[in-house]
Protein chains: 4
Amino acid sequence: MASGTPVLTVSDDEVSASSPIKTRDAGNTQQLLLHAARRRFARDGYAATTVREIAADAGVNVALINRYFTSKEGLFEACLTRVVERLERPGEVVDSIERAARDIIRTISDSPNGDDSLQLLLLLRTSGDEGAERIRRATFRNFTERLAAAAGWRRDDPTTEHLMLRAQLAMATAFGTVLLRSTSGLEPLTSASESELSGPLTEVLTGLLAP
Amino acid sequence: MASGTPVLTVSDDEVSASSPIKTRDAGNTQQLLLHAARRRFARDGYAATTVREIAADAGVNVALINRYFTSKEGLFEACLTRVVERLERPGEVVDSIERAARDIIRTISDSPNGDDSLQLLLLLRTSGDEGAERIRRATFRNFTERLAAAAGWRRDDPTTEHLMLRAQLAMATAFGTVLLRSTSGLEPLTSASESELSGPLTEVLTGLLAP
Amino acid sequence: MASGTPVLTVSDDEVSASSPIKTRDAGNTQQLLLHAARRRFARDGYAATTVREIAADAGVNVALINRYFTSKEGLFEACLTRVVERLERPGEVVDSIERAARDIIRTISDSPNGDDSLQLLLLLRTSGDEGAERIRRATFRNFTERLAAAAGWRRDDPTTEHLMLRAQLAMATAFGTVLLRSTSGLEPLTSASESELSGPLTEVLTGLLAP
Amino acid sequence: MASGTPVLTVSDDEVSASSPIKTRDAGNTQQLLLHAARRRFARDGYAATTVREIAADAGVNVALINRYFTSKEGLFEACLTRVVERLERPGEVVDSIERAARDIIRTISDSPNGDDSLQLLLLLRTSGDEGAERIRRATFRNFTERLAAAAGWRRDDPTTEHLMLRAQLAMATAFGTVLLRSTSGLEPLTSASESELSGPLTEVLTGLLAP
DNA sequence: AATGAATGAGGTTTCATTCAT
DNA sequence: GATGAATGAAACCTCATTCAT
């Protein structure tokens, strides 16, 4: 079952659609805040986002952010942690480069509106908080190690170090594309469908990972 | 002479090194402010940067920002315009894909500390100001059109539209790599030298532009 | 009931004296701010008044001005609106010139410290804000129309137009006297009692309104 | 020749029209500044006026205000002094009530654009500066004493004190009318001609001064 | 004498956070 | 658990004034 594990795709089961929206439910309130916060932080960045906006999006009182997450930074860190929990799958290996490429392309195609790509963007945002920064970097490392491993990289074999660099460049392509699709308004890139993106991106990613 | 025009490289001749640093010199003060502002805006983003930081970096009084650039947004727009003036070279064509790739790679290698890559990062920052947004988008378009043209794209030939998409993906790779080198701390990517980056990036870029 | 309606006199029931001063009460806070602001704006003018002074007078935090009134201009406009709400009494007619004169004289005598005259002074202050300006002018018009009507002016009878001019001159006398009593320090004018003012002012006002 | 001295009318000979506008002429520069400052201070009030506006109106460098008048307050005081020098005519007596009334009416009719009425308005403006305040009050006193004297008031005869009050009320009418014509936009008052104003104002003023 | 660059104090406003209900 | 009032720090900006040319 390790086979078939997505690299970047996540399944967002945070807010279970079946449950009616309950007020006076601490857990639910937290989910609403996390969801709204992730969107705002990912799209507008940490500093440009106000806690009042987040609370308004979530339909929740502002003071609850401090109650549940201590501070704005705490909320940001929680968003990041959520992303990481879903993206990192320790023990699971990416078994095939083709599958990895396909997953990445799907996440890219998901942007700019999908939730998967939002999580990627979030990793590019910085709050100045040291705790959040550590999380970000660890996640980056974890990502690229798993991707590099699929390409043959071994931690204890220095002769495979160039594969790590290549995996990181693959990640860079993914991040750059999501970012441009989300913020540049460039056409045809922004509106390109998965089928249009698939060809060139497969070339790039497999070219990088299977030299 | 159009031959040999760099795509992304800029030569920063803003502050002539030979002239002694003059105080009480409006032009010089403006340059100092622009320089400091570009660094901060590129690295930390618009909202996270305070005008006091910029003024302190530049070693001048805060009020001069408003005097010379009307507002923080005005300063941001001026930074962007500066970048554009240097990057856009209307009338000049990029004559060869190999040369374009080499230029892009040089700019990427320049990051995270070099000035060229700072200008790229600046294009990813947003201030919420409408004027600045227009400039950003126009610059993106101009960039990719010139790059696409080198790959054979023609504005009036719809059958070459896929080349535009590929040029934009090439830009995305460049942006993503600069960004990751600047903010992720990922190794070996962050510290990779131009000679290490050259191989895989040339593959990617020429693969995208010369399919 | 229309009989006996004062022209300029207002009954200040804003802060009900019976209720204990409550903190953490938005409505009360707004009243405190309005009260303090009206005093300052009327006495010192709009530009010379700082929001910090107003907040200090009201004994509340400065930020609440923006919370409740959006801006300094918003607060000024709110002060003006309050005045207008009390002074304008649409549908009510001033039935006798003698009564109108008596009311005006009472308001004049109220100055410089009374609340009624403060409201008059406020109408002479200008903030540069377009909204406030409209309110001011409409209020002036309303005032003088009601006063002129008492003197026999009819909107659709051009032969009574001179009565409007006379009513406006009566207003001018009232404004001028309040202003001089408030800001000139002239004696005996400033300290004159209602009984001292009554004689000459009655002459002037009835002379103007009942030619 | 004491006969015929105007009460409020001034002849503005500040800037002699025959002399060509000379630059590098300290005296001329001061006149330009005083003239521009008086307009602004009278119309907009002290606090709402910026020294840059004044300098721009005068076509002169801002720093010269401090050079010639020490400070913004110094300039205001100088404006006031100028007004006073022209308005106060020690030794001259107002010989007839009719003539005084006519002069006052002429000054009122001069508003809102004329220079005479500007000088009146200036007296209603306050800078917070103690020196200026003293000047204002002394001028008020001087004015009303001369007017009261024409009505029969004697400084050492307490039984004529009511005449002083009446003179001050006459001044108040003048001030109020100029103010309303200048800032209220009320019609027909604002546009009324001298012939229209003359009737009712003569009634009021002679009624007050010749009881 | 005149200019324009530079400064610092202070003004309004925003925002994260805390407090009382 | 939730709300909304209140707070204080800090942000951007304006303005009178001083300094160097």
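Convention: sequence-line order gives letters A, B, ...; per-chain numbering from 1.
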When you match A:Thr50 and C:Lys72 each to their closest nucleotide on DNA chain E, which lands nearer the 5' end? C:Lys72
Would you kindly give the CG-to-P distance between C:Asn28 and F:dG4, to the nearest whole Å? 19 Å
Closest to the B:Asn66 side chain, choosing from E:dT7, F:dG1, F:dC13: F:dC13
Starting at atom CZ of A:Arg40, determine the distance to atom P of E:dA16, rounded to an integer number of angstrom. 12 Å
Tell me the interatomic distance from C:Phe69, atom CZ, to E:dT13, atom C1', rounded to whole angstroms. 16 Å
Heavy atoms under 4.0 Å, any strand shown: does D:Thr70 hit a base, just sugar-phosphate, or nothing? nothing
Looking only at side-chain atoms of D:Leu64, point me to the closest of E:dA2, F:dA2, E:dA6. E:dA2
Quickly work out the B:Asp25 CG to E:dA6 P distance and round it to whole Å. 7 Å
Is the positively charged end of C:Lys72 above the ring of C:Tyr46, judged by distance under 6.0 angstrom from the centroid and angle within 45° of the axis? yes
Under-3.5 Å donor-acceptor pair between D:Arg52 side chain and F:dC15 base: no
With respect to D:Leu75, which candidate in D:Thr49, D:Val51, D:Leu34 satisfies the side chain to side chain contact (heavy atoms under 4.5 Å, CB included) definition? D:Leu34
Taking B:Thr70 for the side chain and B:Asn66 for the main chain, is one N or O donor matched with an acceptor at less than 3.5 Å? no
Counting Watson-Crick and G-U wobble pairs whose two distances are both under 3.5 Å, find the runs of 3 or more in a row that involve DNA chain E. E:2-21 with F:2-21
Which value, rounded to the nearest 0.5 Å, describes the distance between D:Asp57 atom CG and D:Arg38 atom CZ? 13.0 Å
I'd like to know whether CZ of D:Arg39 has more than 12 heavy-atom contacts from other residues, nucleotides or ligands below 6.0 angstrom. no
Between P of E:dC15 and CD1 of A:Ile65, the distance in whole Å: 13 Å
So, the side chain of A:Arg40 versus the backbone of A:Ala48: is there a donor-acceptor pair under 3.5 Å, distance only? no
Taking CG from D:Asn61 and P from E:dG4, how many angstroms apart are they, rounded to a whole number? 6 Å
Does A:Thr29 have a side-chain nitrogen or oxygen under 4.0 Å from the phosphate oxygens OP1 or OP2 of F:dG1? no
Given DNA chain E, 5'-ward residue of the pair C:Ala63 and B:Val60, judged by closest heavy atom: B:Val60
Whole-Å distance, C:Arg67 CZ to F:dT3 P, equals 14 Å
Using every non-hydrogen atom in the two residues, find where A:Thr183 and B:Arg137 come nearest and quote the distance to one decimal. O-NH2, 4.2 Å
Can you check the A:Phe76 CZ to E:dC15 P distance for me, whole Å? 18 Å
With a non-hydrogen cut-off below 4.0 angstrom, is D:Tyr68 in contact with a base, only sugar-phosphate, or nothing? sugar-phosphate
